[in-house]
There are 4 protein chains.
Amino acid sequence: MSKTTPLNRRIRLGMVGGGHGAFIGAVHRIAARLDDRYELVAGALSSKPDVARASAEELFIAADRSYDSFETMATQEAARDDGIDVCAIVTPNHVHFPAAMAMLDAGIHVICDKPLCLTVDEAEQLAAKVKETGLLFALTHNYTAYPMVREARQMVADGKLGDIRLVQVEYPQGWMATRVEDTDNKQASWRADPAKAGMGGALGDIGTHAHNLANFVSGLEISELCADVDAIVAGRKLDDNVQILMRYANGARGMLWASQVAVGHENGLKLRVYGDKGGIEWAQEHPNHLHFRPLDGRPELMTRGGAGIGAEGLRGVRVPPGHPEGYLEGFANLYTDFADQLGAFLDGTAPDAASLLVPGIQEGLNGMKFVEAVVRSGREGATWVRL
Amino acid sequence: MSKTTPLNRRIRLGMVGGGHGAFIGAVHRIAARLDDRYELVAGALSSKPDVARASAEELFIAADRSYDSFETMATQEAARDDGIDVCAIVTPNHVHFPAAMAMLDAGIHVICDKPLCLTVDEAEQLAAKVKETGLLFALTHNYTAYPMVREARQMVADGKLGDIRLVQVEYPQGWMATRVEDTDNKQASWRADPAKAGMGGALGDIGTHAHNLANFVSGLEISELCADVDAIVAGRKLDDNVQILMRYANGARGMLWASQVAVGHENGLKLRVYGDKGGIEWAQEHPNHLHFRPLDGRPELMTRGGAGIGAEGLRGVRVPPGHPEGYLEGFANLYTDFADQLGAFLDGTAPDAASLLVPGIQEGLNGMKFVEAVVRSGREGATWVRL
Amino acid sequence: MSKTTPLNRRIRLGMVGGGHGAFIGAVHRIAARLDDRYELVAGALSSKPDVARASAEELFIAADRSYDSFETMATQEAARDDGIDVCAIVTPNHVHFPAAMAMLDAGIHVICDKPLCLTVDEAEQLAAKVKETGLLFALTHNYTAYPMVREARQMVADGKLGDIRLVQVEYPQGWMATRVEDTDNKQASWRADPAKAGMGGALGDIGTHAHNLANFVSGLEISELCADVDAIVAGRKLDDNVQILMRYANGARGMLWASQVAVGHENGLKLRVYGDKGGIEWAQEHPNHLHFRPLDGRPELMTRGGAGIGAEGLRGVRVPPGHPEGYLEGFANLYTDFADQLGAFLDGTAPDAASLLVPGIQEGLNGMKFVEAVVRSGREGATWVRL
Amino acid sequence: MSKTTPLNRRIRLGMVGGGHGAFIGAVHRIAARLDDRYELVAGALSSKPDVARASAEELFIAADRSYDSFETMATQEAARDDGIDVCAIVTPNHVHFPAAMAMLDAGIHVICDKPLCLTVDEAEQLAAKVKETGLLFALTHNYTAYPMVREARQMVADGKLGDIRLVQVEYPQGWMATRVEDTDNKQASWRADPAKAGMGGALGDIGTHAHNLANFVSGLEISELCADVDAIVAGRKLDDNVQILMRYANGARGMLWASQVAVGHENGLKLRVYGDKGGIEWAQEHPNHLHFRPLDGRPELMTRGGAGIGAEGLRGVRVPPGHPEGYLEGFANLYTDFADQLGAFLDGTAPDAASLLVPGIQEGLNGMKFVEAVVRSGREGATWVRL
């Protein structure tokens, strides 16, 4: 990993959410730690004070920097000389907006888990706030940070696929094929609760990843879509399966399927993009490989760090080809690139252009518009709606 | 291969189409020959008399049984004591209807390539004729005859997947990603010509296979669909890409993608079916494998002829597990099963129930209704239409 | 399939072995039939006369051409004007030698299943007889006739891999992991019986295939080998697992593993060859694919009939890329090529050079020398022996 | 990750080697950091003082704890109240022995990269020293720490494969297929230099991994072996290809292939173990999967964290199934387990039994005996030698 920032210290990181029993908080912490660019020094790790304190202690956070609320953390950290530079928000969706607003208002940069918030309106408020404050904002659509995804994006940008005609993206999971939200599965229960998850179930949780990934690689934006949105498991309050036809501004066609009831799939995010000169295929469960199929040529297996990979695909590679890197390494690439951005910001210099692929507030706003469009299409009986 | 018929001779086969330069005719001949149940004794192999004669000679067809037209063949063969029992129709689509009607009118059983014909109206006439004559009619949706597809169908029927919730089927090819119909590619030129192919391009050629396969395995029928139907290659007269949302009568949801411009794909027919107890996946390019993923269990690799395969999946298996069988063997299973049906008919006995999975006139009619519904949906801007 | 021979009739085929309950006889018959170059007109299908007669009747062989012994068949068919041109020998190994000698003595060409016979001495007698009679002799090492294997061979011959350094070949099966020869498994019982199988168990049955395939593709011959030869299942009379180090005349190194006790493998023949410019990998269970990995380039997936395949790899291809061909089609390629040779012989013309890849008496002799060397090495405690 | 140790601080880590331009040092640092159990506080990062200092500064190591030699570091750190608890040795092989002796003599625990040292004699001295001091010693045969490898080991231990009959292990790489050691490739140059690498080239570098992995999973030890040891690239001083026949004490047979000239392979470590009840297969490039093939059952795909995984296979799992973990996570499992051991040692308590799978001095000694036996066999013309 290149370290492009001259900042001669670790970036001070705070965290909202991520206490005992959480999943994604631990992922963020590993991602922050992997390249040693951050130190976790403060947290409002749980809405339950005792959980927050115990979690902080376990994470070697000083007792006086474990807070009972994100509002307190924002205020007090902003007042310290050694206050946090940036705050990671790793709560269920409904807390993203208020926590991010509190941090931005306190002058603290933000790393926010996806989806950005609950509504387009919230998203627009956040976007305005980011613009107003000039602070940096990262949205952890982590799948875009796999090196081979970045390589794929660059191949499209370089015209190696020609004009893009088709985008096929799918994200099947099977873990919610039964009423798992009625068990003690904490991950399932908030995801199935509209008050915490928002308008989308599978749509918000993983459909937004699929949408983001497809746009990131293809460089295209959806102009209209038609979505069948279903809660297939009886009694479920939010969708667990969405099937979408998409039309892109350039005339390309697409399909998106996101499901949490596709029994037997673990985390089957897969993207295929076809142009008039070639096609590519990438699957998250085998992230070190990218399949390239040129028109009239033989299919080629592109490997992380392997033959013919460009600068974009090499960025973020830590170990040689054949030594697999995975989900945590991809996630860490976002953190490390964002560290480059933050370091430059703190040093008052221009960031390395290569560090700017981290999804941000615009991608968050796009995602919320996508969610709203899909929900609207679904409610109207799967009719076409414009974005 | 079990031979269940007592008929102590080979079935006498005629053929319409399949002369020099044809593709599917040779496939039908190999399929007929593989299990030695047929002998090819007559043909109207080409609409060009000299091609017809030369082709017949090469196939060891007696000169007096090489005909210049299917009408003549029907009449003259029906008049012979040793006339053909059955006729294979392997022409471009637009000849299916008249040739099949001629054969049925002459009392000759029919094996017809897919799609059945050009319109629902033709299909209904054919269905009425079949009913009226009592003759046997096979439609070569060959992919349903792969042993592991039949095993999959039986697993669904036996409830091993539980209630079916989702059907994902796709059939990407890339060979028409350029204007190949403007070259001397005979296969492409008729497929891209509405006068010969009918209403559908990729839709009729491979979309009907995908539709038939999905219904065959899932046991479900589409109640309504919404289809984006496009000619992506500029100037093409028929669709080369269709993307369809489907709703089934039982409430299940589905997606179907058929494309002939998906660069890099050869013959990528793939079916996935998910119920509340398990999911299956089958891909035509690896037809000897079936992936079964039970709810809460480990994914299992089912192999042709391997452990735990039932009678339906064993029927049509010629060589041990690990000795791959392919496209021709699957195609031959249709011919051999139909030979069982024909043998029983000719002997005046009841056919083996296991021989009855061969798609027939009803599947052909269903296919034409599917094509018409998709075309209608597409023309109306990809709106929902009922079947 | 090109038909290069001008012979204007089917070749008349006889068969020794292959009656009810046999496995490989049915394979030979399908292979002979697939491209319609042969008609089966005579047989000594079983050493049990009633089985022979019943089997012949089922195969539409005239009653007077069903023989009780191969000796009778050789004599009587040789005396007929319409006698068989060629005889397929598909018995257990111990009958290969006498049956082949009888046919050759009667002036009948031979297609013999592998391994050639029981000893190097027998093999040399056969080789001398073939030379003396000038008759044609095919040995059905069928795996060499898969199109992608032939493509691999040509790539090596064309120097695309550079100088060959390493050959890794393996052939694991699991079906004899228990004492299956003590059950009513006819295939297992003769294979485990030295009187019928010869010196080698897994060695003769599948090790010879692996050896032949490696030599065919690499173009190399073994100069010395060191073999651990074991009967892993207690009480088994012949080996069921052989592990061999090999040194080739050009200095290349190799390993060969053949096992019938590798639980879970079906028919896992796999070959890898590495030169100083590239490596290839081919696996029999996915025979339509060949993996090519050039030095400093990206791995390429080569597909049967696909982009960049040469004439050698296209020969024997019947259906387009993506329509899988399998074991029977590969086997049929041997029969069809041999039909080209036979047709030319019968016509008194020179055979198409492309038809000459069919393994013959020399490969059979090489195979027996390999078997004897391996057995010798094994008996001496796995020491190095020269071939 | 469970944290079983009560130690309420991070373990203080020093490092020998791993300065600019090194590969494995960065891997060790990430592995140490991943679960936040260590802090790197001291280093003798390079034998070149300026490189050592610059590297230390970049890693936030205090200037006074960057040492010019490991001897100084051992002495001075041992004298500090806050001295390092443990030292990671990540140099080329020839430094392992003196550095480890120095640390042990100073009372500092050791984490040593593999292979342990240069000779069996050195290994025995180290083993005696470890025993004498009572200090903890970890050897980073990291591949054994992949969760699915541990699951495989437990399956064997639990008898799920029955009696082990066959072990097939291979480790092909292609990166040294040319004289890369003559370029500025630092990784290649020391690996090809007997003074730094020791007796083995590919043998020591990756053959020892293959040997260790096979023993770890199978629970078997080699009793004798026969090895063909070659420098295939002309002029290379150490082997780049070894092919080995192995016999285990229980009568099982095995083959081991390690190569750095197998063009096209990246890091292809693969292990297959077969017993009389089942077989398993694991490949390092797809480490989240384990294939289990039971006798008479269907092949099962076992996934990291997925259905039916036991406690051993779940230990070290950080993210849900389908979120791939890779090389760094596996490496980190060694560090984290060793942290558990160290924490218990420092607390004066008994370590969690589950933390004891980390390879140690015994595995290092076994590895050196393996290397010496292979070299001896090779020098004697690939004869059988006893271990």
Side-chain angles (χ1 to χ4, degrees), chain B residues 1 3 8-10 23-24 26-27 29-40 57-61 142-143 146 171-175 187 206 264-269 283-289 301 303-307 318-332, chain C residues 1 3 8-10 23-24 26-27 29-40 57-61 142-143 146 171-175 187 206 264-269 283-289 301 303-307 318-332:
Chain B
M1 295 294 288
K3 293 191 179 182
N8 62 353
R9 62 168 175 87
R10 295 184 182 91
F23 154 56
I24 205 68
V27 169
R29 289 191 295 266
I30 292 175
R33 206 153 53 221
L34 202 80
D35 294 319
D36 205 20
R37 303 289 294 277
Y38 295 84
E39 52 182 338
L40 179 65
E57 185 179 354
E58 190 169 291
L59 295 169
F60 306 121
I61 293 175
N142 56 294
Y143 299 114
Y146 275 115
Y171 200 153
Q173 295 182 333
W175 67 292
Q187 298 305 318
I206 58 176
H265 285 282
E266 294 184 336
N267 201 36
L269 176 61
Q284 192 272 151
E285 296 189 359
H286 298 284
N288 297 285
H289 288 176
L301 179 66
T303 64
R304 198 209 70 240
R318 294 169 189 83
V319 284
H323 298 68
E325 296 191 52
Y327 175 86
L328 293 168
E329 289 87 338
F331 216 110
Chain C
M1 294 296 286
K3 292 190 178 182
N8 63 352
R9 63 169 174 86
R10 294 185 183 91
F23 154 56
I24 205 67
V27 168
R29 289 191 295 266
I30 292 175
R33 205 154 53 222
L34 202 79
D35 294 319
D36 206 19
R37 303 290 294 276
Y38 296 84
E39 54 182 336
L40 178 66
E57 184 179 356
E58 190 170 292
L59 295 169
F60 306 122
I61 293 174
N142 55 294
Y143 299 114
Y146 275 115
Y171 200 154
Q173 295 181 333
W175 67 291
Q187 297 305 318
I206 58 176
H265 286 281
E266 294 184 335
N267 201 37
L269 176 60
Q284 192 273 153
E285 297 190 357
H286 299 284
N288 297 285
H289 288 174
L301 179 67
T303 64
R304 199 210 66 243
R318 294 169 188 83
V319 283
H323 298 69
E325 296 191 52
Y327 175 86
L328 293 168
E329 289 87 339
F331 216 109

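So you know, we letter chains A, B, ... as the sequences are listed, proteins then strands, and number each from 1. Scope of the values below: all heavy atoms of this structure, side chains included, with no hydrogens, waters or symmetry mates.
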| said: With a 4.0 Å cut-off on N to O distance, would you call B:Asp36 and C:Arg29 a salt bridge? | reply: no

| message | Given heavy-atom pairs under 4.5 angstrom as the criterion, report whether the side chain, backbone, both or neither of B:His289 touches chain C. | response | side chain

| query | For the atom pair CD (B:Glu329) and CG (B:Asn142), what is the distance rounded to the nearest 0.5 Å? | reply | 12.0 Å

| Residue selection (most heavy-atom pairs with chain B, distance under 4.5 Å) from C:Gln284, C:Gln173, C:Gln187, C:Glu325 | C:Gln284

| request: Name the member of C:Gly268, C:Pro324, C:Pro287, C:Gly306 that forms the most heavy-atom pairs with chain B at distances under 4.5 Å. | output: C:Pro324

| query | Is the B:Phe23 ring parallel, tilted or perpendicular to the B:Tyr327 ring (thresholds 30°, 60°)? | reply | parallel

| So which of C:Thr303, C:Ile24, C:Leu40, C:Asn288 has the biggest tally of heavy-atom pairs under 4.5 Å with chain B? | C:Thr303

| message | Counting only non-hydrogen atoms closer than 4.5 Å, does C:Tyr143 touch chain B with its backbone (N, CA, C, O), its side chain (CB onward), both, or neither? | response | side chain

| For B:Phe331, is it the side chain, the backbone, both, or neither that has a heavy atom closer than 4.5 Å to a heavy atom of chain C? | neither

| field | Selection from B:Ala307, B:Gly305, B:Gly322 maximising heavy-atom pairs under 4.5 Å formed with chain C | value | B:Gly322

| query | Considering only heavy atoms, which portion of C:Arg10 lies under 4.5 Å from any heavy atom of chain B: side chain, backbone, both, or neither? | reply | both

| For C:His323, is it the side chain, the backbone, both, or neither that has a heavy atom closer than 4.5 Å to a heavy atom of chain B? | both

| Is there a side-chain contact between C:Ile206 and C:Leu269 (heavy atoms, below 4.5 Å)? | no

| remark: Rounding to 0.5 Å, atoms CD (B:Glu266) and CH2 (B:Trp175) come to a distance of 13.5 Å

| What pair of heavy atoms forms the shortest contact from B:Asn267 to C:Pro321, and how long is it? | CB-O, 4.2 Å

| field | Heavy-atom pair of closest approach, residues C:Leu328 and B:Arg318 | value | CD1-CD, 3.9 Å

